[in-house]
Amino acid sequence: MKTATADSTVPVQTSETPVRVAVVIGSNRDGRFGPVVADWLLARIRERDDFAPEVVDVASVQLPTALSHSPSPSVAAELAKVTPALAAADAFVVLTPEYNHSFPAGLKNLIDWHYAEWRAKPVALVSYGGLSGGLRAVEHLRQVFAELHAVTVRDTVSFHGAGAAFDAEGQPRDPAAPAAAAKVMLDQLGWWARALSEAKRRRPYGG
């Protein structure tokens, strides 16, 4: 009987090794509010010693909506701005607003240009918006990441009425609740990152 062997390409994760987490800012809209939420989130992540964050900003890359298995040199140059960070990540935090009951086209485009980079890795979801706090966008993203063989963690952080929820210094007016939610979410993300990393070392994922 043929048995699976350990995947030597998967970095060894120990309890002392920080999880490499790519924080994806999912909006490229003019006047976007995403960087305010992202700065707050990154501050929460950097308070911990179990994560090593890297930002991937949808607004920093110009990818065509026409996907290709053989991208042109110009498209390859754009992909080079984001693909290495996604490939190197052990886990992701995807930050999304809600546009028309779903997540932005630019975020979907970034996701669709990649496949193996998401595969068998955990994804935490942070949202902001009006009355719904972006939660409808979150539920749509869960379906997308499931198709890509990624695992979304249960708990999220969402900001309802986001513009009024932050003060002029970019801090939540009620800091305790979102900070507590972020801790729960990040604890789950760290657990899944280490569990999946260990599982892939023991038995390469072939789903």
Side-chain angles (χ1 to χ4, degrees), residues 6-27 34 37-58 60-61 79 81-96 103 107-108 110-128 134-135 137-158 178-207:
D7 188 346
S8 61
T9 66
V10 177
V12 175
Q13 281 286 342
T14 70
S15 59
E16 292 79 26
T17 305
V19 171
R20 295 171 301 178
V21 57
V23 177
V24 180
I25 304 175
S27 174
V37 182
D39 287 346
W40 171 85
L41 176 65
L42 285 163
R44 304 289 77 72
I45 295 173
R46 289 169 178 148
E47 289 172 351
R48 306 170 60 121
D49 58 9
D50 54 343
F51 289 107
E54 183 171 0
V55 173
V56 175
D57 191 344
V58 168
S60 71
V61 60
L79 287 168
K81 299 176 183 178
V82 291
T83 301
L86 297 178
D90 305 305
F92 306 96
V93 179
V94 175
L95 172 62
T96 183
F103 55 94
L107 175 56
K108 183 62 162 60
L110 175 74
I111 293 170
D112 288 349
W113 269 103
H114 300 88
Y115 181 71
E117 291 79 7
W118 310 112
R119 193 171 172 86
K121 296 179 184 179
V123 181
L125 298 164
V126 175
S127 65
Y128 60 95
L135 291 175
V138 164
E139 293 309 308
H140 288 177
L141 280 167
R142 290 191 191 279
Q143 299 175 59
V144 172
F145 281 115
E147 180 65 18
L148 294 167
H149 297 253
V151 178
T152 56
V153 304
R154 179 194 181 278
D155 284 69
T156 65
V157 179
S158 63
K183 181 184 185 307
V184 171
M185 181 193 71
L186 292 171
D187 286 348
Q188 292 176 6
L189 184 67
W191 187 93
W192 276 106
R194 296 184 190 284
L196 290 172
S197 177
E198 180 179 349
K200 286 183 287 186
R201 287 199 309 274
R202 293 176 178 271
R203 184 182 296 273
Y205 182 73

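When reading the values below, keep in mind they use all heavy atoms of this one structure, side chains included, and skip hydrogens, waters and symmetry mates.
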Item to complete: Answer yes when E198 and R202 have at least one side-chain N-carboxylate O distance shorter than 4.0 Å, and no when they do not.
Response: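 Answer for the salt bridge query: yes.
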
Worksheet entry | Side-chain ion pair, R48 and D187, N-O less than 4.0 Å | yes

Discussion item. Could you check whether atom CH2 of W40 has more than 12 heavy atoms from other residues, nucleotides or ligands sitting under 6.0 Å from it?
Written reply: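 Enclosed.
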
Less than 4.5 Å apart, side chain to side chain, heavy atoms only: is that true for [X] and [Y]?
| X | Y | result |
| --- | --- | --- |
| V24 | L95 | no |
| Y128 | T96 | no |
| E117 | L148 | no |
| D90 | V21 | no |
| K81 | V56 | no |
| V94 | F145 | yes |

Which heavy atom of [X] sits nearest to which heavy atom of [Y], and what is that distance?
| X | Y | result |
| --- | --- | --- |
| L125 | M185 | O-SD, 3.8 Å |
| A120 | K200 | O-NZ, 3.0 Å |
| A181 | T156 | CB-O, 4.1 Å |
| V58 | G26 | CG2-CA, 3.8 Å |
| P53 | V23 | CB-CG2, 4.4 Å |
| D57 | S27 | OD1-O, 4.2 Å |

Worksheet item: Excluding sequence neighbours, so at least two apart, what forms ring-ring contact (aromatic ring centres under 6.0 Å, His included) with F51?
Response: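 Here no residue qualifies.
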
Worksheet item: For F92, which residues count as a ring-ring contact (aromatic ring centres under 6.0 Å, His included) partner, sequence neighbours excluded?
Response: W118

Discussion item. Applying side-chain contact (heavy atoms from CB on, under 4.5 Å) to L141 and T152, what does each step give before you reach the verdict?
Written reply: CA-CA 9 Å; L141 280 167; T152 56; over 6 Å; no

Approximate separation, where rounding is to 0.5 Å, of [X] [atom1] and [Y] [atom2]:
| X | Y | atom1 | atom2 | result |
| --- | --- | --- | --- | --- |
| D50 | L186 | CG | CG | 8.0 Å |
| L86 | K121 | CG | NZ | 7.5 Å |
| K183 | E47 | NZ | CD | 11.5 Å |
| L42 | E54 | CG | CD | 11.0 Å |
| T17 | R194 | OG1 | CZ | 6.5 Å |

Worksheet item: After noting the C-alpha distance and the side-chain angles of Y115 and H149, does the key distance pass the side-chain contact (heavy atoms from CB on, under 4.5 Å) rule?
Response: CA-CA 9 Å; Y115 181 71; H149 297 253; 3.4 Å; yes

Discussion item. Checking the side chain of T83 only, and the main-chain atoms of L79 only, is there a donor and an acceptor separated by less than 3.5 Å?
Written reply: yes

Practice prompt. In sequence, state the C-alpha distance, the side-chain angles, and the governing distance for V153 and W191, and then conclude on side-chain contact (heavy atoms from CB on, under 4.5 Å).
Written response: CA-CA 10 Å; V153 304; W191 187 93; over 6 Å; no

Discussion item. Please determine whether side-chain contact (heavy atoms from CB on, under 4.5 Å) holds for the pair V144 and K108, giving the CA-CA distance in whole Å, both sets of side-chain angles, and the decisive distance to 0.1 Å.
Written reply: CA-CA 9 Å; V144 172; K108 183 62 162 60; 4.1 Å; yes

Worksheet item: Taking only residues at least two apart or on different chains, which pairs with a member in residues 142-157 satisfy salt bridge (Lys or Arg N to Asp or Glu O under 4.0 Å)?
Response: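 The answer is E139-R142.
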
